[in-house]
Amino acid sequence: MLPGKRLPSLPYGKNEVYGTGKSLSLRFEIMTKFDERDTMFSRLGLIKGTKKYREYYQAHPGLQKEDDRVRESTRATIAKIFSIEPDCMKKRSKWMAFILKIINIFLDITGKKMPMNPDRMLKMGAADKGDDITYLAMAAPAARMANMINKEARSKAISKYKTDNEPAEMSAVIKSLALSYGADIAGIASLNSHHHYSHRGDIFGMGGGYGKQISLSYKYAVVIAAALNKEMVNNAPGAEVQIASMLGYARSTAVTAQLVLYIKSLGYDAQTDNFIEYYSPIAPLAVDAGIGQMGRCNMVVNKQYGNRLKIGAVLTNLPLREDGPVDFGLVEFCLACGKCARNCPAKAISNGVPEMINGILQWPHNETRCMEMWMKNGTGICMASCPFSQGVDPDLLKEMKGNKDIIKKIILADSLDSI
Ligand code: SF4
Ligand code: SF4
């Protein structure tokens with residue numbers, strides 16, 4: 001950059017900057033990598049009788065019985081994703097496995113992975129009624145647009161002309177640009193090897209490259225979040241939440257794709273890590289970028305938008321300055337609150353105390369029960385329940401950390417609002 005020239009300030013540049021640069025005392029540095037094959041999405045895609053199925057449950061015998069039960073009870077929804085009749089799912093499983101095997105061989109040879117298909121995802125949770133499908137299709141154009149720009153971002157070449165900017169200034173520009181592109185929150189984390197998955201899973205059995213080792217060498221993650229529409233979330237578990245979620249995924253995907261296009265034009269490598277293809281379990285990355293803290297609900301809770309967030313990231317080598325995690329007092333608040341656990345129809349949320357799980361202080365979560373409920377009856381009651389999703393008085397929020405009286409006041413105000 002030329003001496004004496006400053007990067008321009010952008011319209012949203014004065015928005016709140018998340019991240020304090022301080023580490024939480026309750027974090028450990030050593031974490032193990034998460035394997036995408038262990039995610040519920042990947043496990044639900046395993047088909048009985050296939051090699052993948054045998055190998056996975058030989059390595060994880062304790063999960064087989066419960067996973068089989070959930071696959072059976074959510075068969076109708078899984079069948080919708082594969083676009084076949086639910087009753088045929090069982091009979092056709094060998095045929096399906098054969099087709100998927102051919103696709104996987106092709107993808108392995110070409111080194112490609114079939115990314116998430118947003119149109120298929122939109123069919124999830126829909127009842128077999130024309131009205132519901134019509135309703136859910138509302139988010140399809142946004143998802144399609146996001147998919148297109150994401151493809152564009154992947155294929156764009158990195159500019160030969162490398163810019164040279166000061167990392168702190170560049171970070172401010174990138175975060176404010178993210179907000180200008182449509183994000184509600186942006187933060188930056190330094191990337192460590194534990195942030196990305198160790199091996200590829202296979203979302204609902206739709207992709208290729210299952211079991212491939214993931215090795216990335218990016219230095220930073222720009223993490224952004226799109227807040228879901230509050231009124232739509234408050235209709236949980238109705239179809240509106242599904243639409244709000246898909247719109248949130250589409251927005252976070254489009255923002256990260258635009259940032260990748262921008263960073264590549266500056267002469268640095270960058271790739272999206274978003275709904276179309278996640279390379280990391282996104283919550284720990286979001287915590288490290290200061291987007292929020294892990295709440296009892298097992299989601300990232302932001303002080304302004306609660307847990308009604310869809311999160312995406314850009315992985316890059318552009319020199320940046322990390323924000324680091326934040327601590328606005330959520331752990332103490334969740335200990336006193338527990339509203340999401342009381343309201344969860346699947347009893348998937350712990351009503352106990354947090355534990356150190358993989359280096360992060362968090363509440364255990366029964367993802368199997370949650371997934372089953374989500375696929376059969378819809379999702380999002382925990383998003384609507386969280387007082388931070390509804391908005392907490394900013395003056396109280398400022399004083400909340402470590403202050404039991406203020407915490408009680410916020411909980412009381414929320415319970416009066418909910419009447
Ligand atoms: S999405 Fe529904 S089932 Fe899952 S944890 Fe939240 S409230 Fe419970
Ligand atoms: S509802 Fe209460 S306990 Fe649950 S995440 Fe939100 S603040 Fe924490």
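Heads up: numbering here begins at 1 and tracks the sequence. When a ligand or atom number is given, it counts from 1 through the structure's own listing order. For clarity, every value in this text was computed on a predicted model and none was experimentally measured.
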Closest approach of Leu397 to Lys303 (non-hydrogen atoms, all atoms of both residues): CD2-O, 3.7 Å

Side-chain donor-acceptor pair present, Glu240, Asn234, cut-off under 3.5 Å: no

Metal check, atom 4 (Fe) of ligand 1 vs Cys344 N/O/S, cut-off below 2.8 Å: no

Nearest protein heavy atom with distance in Å, relative to atom 1 (S) of ligand 1: Thr379 OG1, 3.3 Å

Residue pair Asn307 / Ser389, side-chain donor-acceptor N/O under 3.5 Å: yes

For Glu372, salt bridge (charged side-chain N to carboxylate O under 4.0 Å, His left out) partners two or more places apart: Arg69, Lys376

Heavy-atom closest pair, residues Leu309 and Leu228: N-CG, 4.3 Å

Numbering as shown, the atoms of ligand 1 that approach Gly380 to under 4.0 Å (heavy-atom distance): 1 (S)

Parallel, tilted or perpendicular: rings of Tyr197 and Phe34 (30°, 60°): tilted

Number of protein N/O/S atoms that sit closer than 2.8 Å to atom 6 (Fe) of ligand 2: 1

Sub-4.0 Å heavy-atom approach of His365 to ligand 1: yes

Ring-face cation of Lys52 near Tyr210 (centre distance under 6.0 Å, axis angle within 45°): yes

Residue Cys370 vicinity, atoms of ligand 1 by number, heavy atom under 4.0 Å: 1 (S), 3 (S), 4 (Fe), 5 (S)

Residues Asp68 and Tyr57: side-chain donor-acceptor under 3.5 angstrom: no

Part of Asn298 within contact of ligand 1 (heavy atoms, under 4.0 Å): neither

Distance-only donor-acceptor check, side chains Tyr53 and Gln64, under 3.5 Å: yes

Element-labelled atoms of ligand 1 that are located less than 4.0 Å from some non-hydrogen atom of Ala346: 3 (S)

Residue pair Tyr249 / Asn274, side-chain donor-acceptor N/O under 3.5 Å: no

Enumerated ligand 1 atoms positioned under 4.0 Å from heavy atoms of Ile349: 5 (S)

Atom 3 (S) of ligand 2: nearest protein contact (heavy atom, Å): Gly338 N, 3.3 Å

